[in-house]
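Below: the structure, in structure tokens.
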Amino acid sequence: MSKEPIIQDKIHLLMEETGCDQGEAELAMTSAGYDLEKAVRTIGVLLRNIVAVKGKFLLPSRNLYGLVILIANTKNHSIFRIRSVVSYNPSLYETPLREGWYEFEKTLYAFRLSEGTLQQVTQDLERVLWQRLGKHVVPHFYDIIRESDETQIHHIFQKIILGYFSDNTLNLEIVGEELNLQQFKHLKPRGEDIVPVSRPYHSTGHGALDNSENLLLSVKLQEEPDGIMAKDVVAGDSVYAILTDNRDIAQYLSKLLGGRDKNGLAPILAPVEEIRREGDKLYFQVRLSTGVLGMGEASADCLLLVHKHLTPRWWQRFVPFLTRMSRK
């Protein structure tokens with residue numbers, strides 16, 4: 001019996017499993033001696049379709065500093081995620097851009113939890129970046145980042161950021177980093193799998209719980225003897241959520257989000273976005289961070305620790321133009 005049909009079957013199976021094209025599959029199979037299992041491991045090293053764009057900026061007129069990272073697949077024209085942080089803390093601008101994407105992103109997340117960070121402005125900037133870059137508004141964007149044309153990339157990000165802040169002066173530095181699939185899927189130093197997260201959350205408008213574009217983590221809602229009955233909680237209230245997800249990525253994010261301290265697990269105050277009822281059970285979708293959701297359940301009569309009214313952000317009392325901007 002000819003080996004050709006078997007080889008072709010392996011090539012097609014490799015294409016289905018990894019999403020590579022036929023030429024890439026044939027190259028991986030050849031280099032792996034037509035061992036399918038080895039080829040699956042090899043293909044991640046061969047495919048250099050992932051690009052991380054890292055940037056830092058300063059708005060001198062407003063004493064605002066920021067970091068931004070975009071991770072995209074230039075082959076299928078998709079964005080894994082866009083993350084940013086905007087703050088009054090000048091330390092942001094000292095972040096080195098030549099360090100690896102993982103370390104840069106970890107630094108960005110750490111600053112998001114630091115004093116001086118403007119959470120609403122951060123989220124709004126991410127939304128604007130997604131609207132401009134994630135919906136093919138910028139012509140040939142994926143070709144530009146694939147070719148590592150930092151001059152063009154700098155121009156694109158500068159135009160978007162200046163447009164958002166309605167300012168004329170911006171100090172911006174941009175660096176691109178090309179990765180293969182294997183490098184992207186393995187975090188340093190322990191090699192946890194990272195879950196692709198992309199667009200900001202959008203409610204379906206029909207009461208459905210929509211987590212298709214976010215990383216969804218399991219949480220437990222903190223109970224309180226003098227609390228509010230779960231059935232009386234509504235979207236917009238805030239509850240205390242404890243991360244119970246056992247995945248490595250959840251443990252990593254738990255530290256960044258403040259869900260873990262020296263005593264172990266710590267509750268995170270999180271706004272409720274959606275609630276779904278099934279029998280006497282209520283399922284709560286809460287917002288832990290941009291691109292990160294929590295899902296917890298409680299019986300209808302369960303007493304939960306709830307904040308019905310959130311105090312205004314401290315910076316809104318002192319910076320009127322940022323307050324107006326956050327409502328755009």
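This is a predicted model, so every value here is computed, not measured. Residues: numbered from 1 along the sequence shown.
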*List for me each residue that meets ring pair (Phe, Tyr, Trp, His ring centres under 6.0 Å) alongside Phe141, sequence neighbours excluded, and say none if there are none.*
none
For residues [X] and [Y], report the shortest heavy-atom separation together with the two atoms involved.
X	Y	result
Glu150	Val175	OE2-CA, 3.9 Å
Ser61	Asp167	OG-OD2, 2.7 Å
Asp237	Asp232	OD2-O, 4.4 Å
Leu288	Ala241	CD2-CB, 4.5 Å
Phe284	Ala298	CE1-CB, 4.3 Å
Leu243	Val219	CD2-CG1, 3.7 Å

Would a distance-only check, ignoring hydrogens and angles, find a side-chain to backbone donor-acceptor pair under 3.5 Å from [X] to [Y]?
X	Y	result
Arg112	Ser84	yes
His77	Tyr142	no
Glu177	Trp101	yes
Thr122	Val86	yes
Asp245	Ser218	yes
Ser238	His307	no

_Evaluation steps, side chain to side chain contact (heavy atoms under 4.5 Å, CB included), between Ile174 and Lys54_ = CA-CA 6 Å; Ile174 287 285; Lys54 301 165 290 184; over 6 Å; no
[X] versus [Y]: any side-chain heavy-atom pair under 4.5 Å?
X	Y	answer
Phe157	Leu129	yes
Tyr283	Met295	yes
Ile144	Ile153	yes
Leu304	Cys302	yes
Thr169	Leu59	no
Leu97	Phe104	yes
Leu58	Leu170	no
Ser87	Tyr65	no

*Hey, what else clusters with Met229 if you join Ile, Leu, Val, Met, Phe, Trp, Tyr whenever side-chain heavy atoms sit under 4.5 Å?*
Leu303
[X]: partners by side chain to side chain donor-acceptor pair (under 3.5 Å), with sequence neighbours left out:
X	answer
Gln152	none
Glu278	Arg276
Thr244	none

*asked:* Any salt bridge linking Glu105 with Arg83? Criterion: basic side-chain nitrogen under 4.0 Å from a carboxylate oxygen.
replied: no
*Hey, is Lys56 close enough to Glu99 for a salt bridge, meaning N to O under 4.0 Å?*
no
Roughly how far, to the nearest 0.5 Å, is [atom2] of [Y] from [atom1] of [X]?
X	Y	atom1	atom2	value
Leu282	Leu221	CG	CG	10.0 Å
Phe111	Leu67	CZ	CG	6.5 Å
Arg146	Asn73	CZ	CG	10.5 Å
Phe57	Gln158	CZ	CD	11.5 Å
Ile156	His140	CD1	NE2	10.5 Å
Phe165	Leu64	CZ	CG	6.0 Å

_CA sep, side-chain torsions, deciding dist, call: Leu118, Val85, side chain to side chain contact (heavy atoms under 4.5 Å, CB included)_ = CA-CA 8 Å; Leu118 307 179; Val85 59; over 6 Å; no
*asked:* Is it the case that the side chains of Thr117 and Asn89 hold a donor-acceptor pair, with the cut-off being a distance below 3.5 Å and no angle test?
replied: no
*Could you check Tyr240 against Ile268 for side chain to side chain contact (heavy atoms under 4.5 Å, CB included), going step by step and ending with a plain yes or no?*
CA-CA 5 Å; Tyr240 284 88; Ile268 301 171; over 6 Å; no
*Apply side chain to side chain contact (heavy atoms under 4.5 Å, CB included) to Leu133 and Leu70, showing your working.*
CA-CA 10 Å; Leu133 302 176; Leu70 174 146; 3.7 Å; yes
*asked:* Enumerate the side-chain hydrogen bond (donor to acceptor under 3.5 Å, both in side chains) contacts for residues 219-229, please, sequence neighbours excluded, ordered by first and then second residue.
replied: none
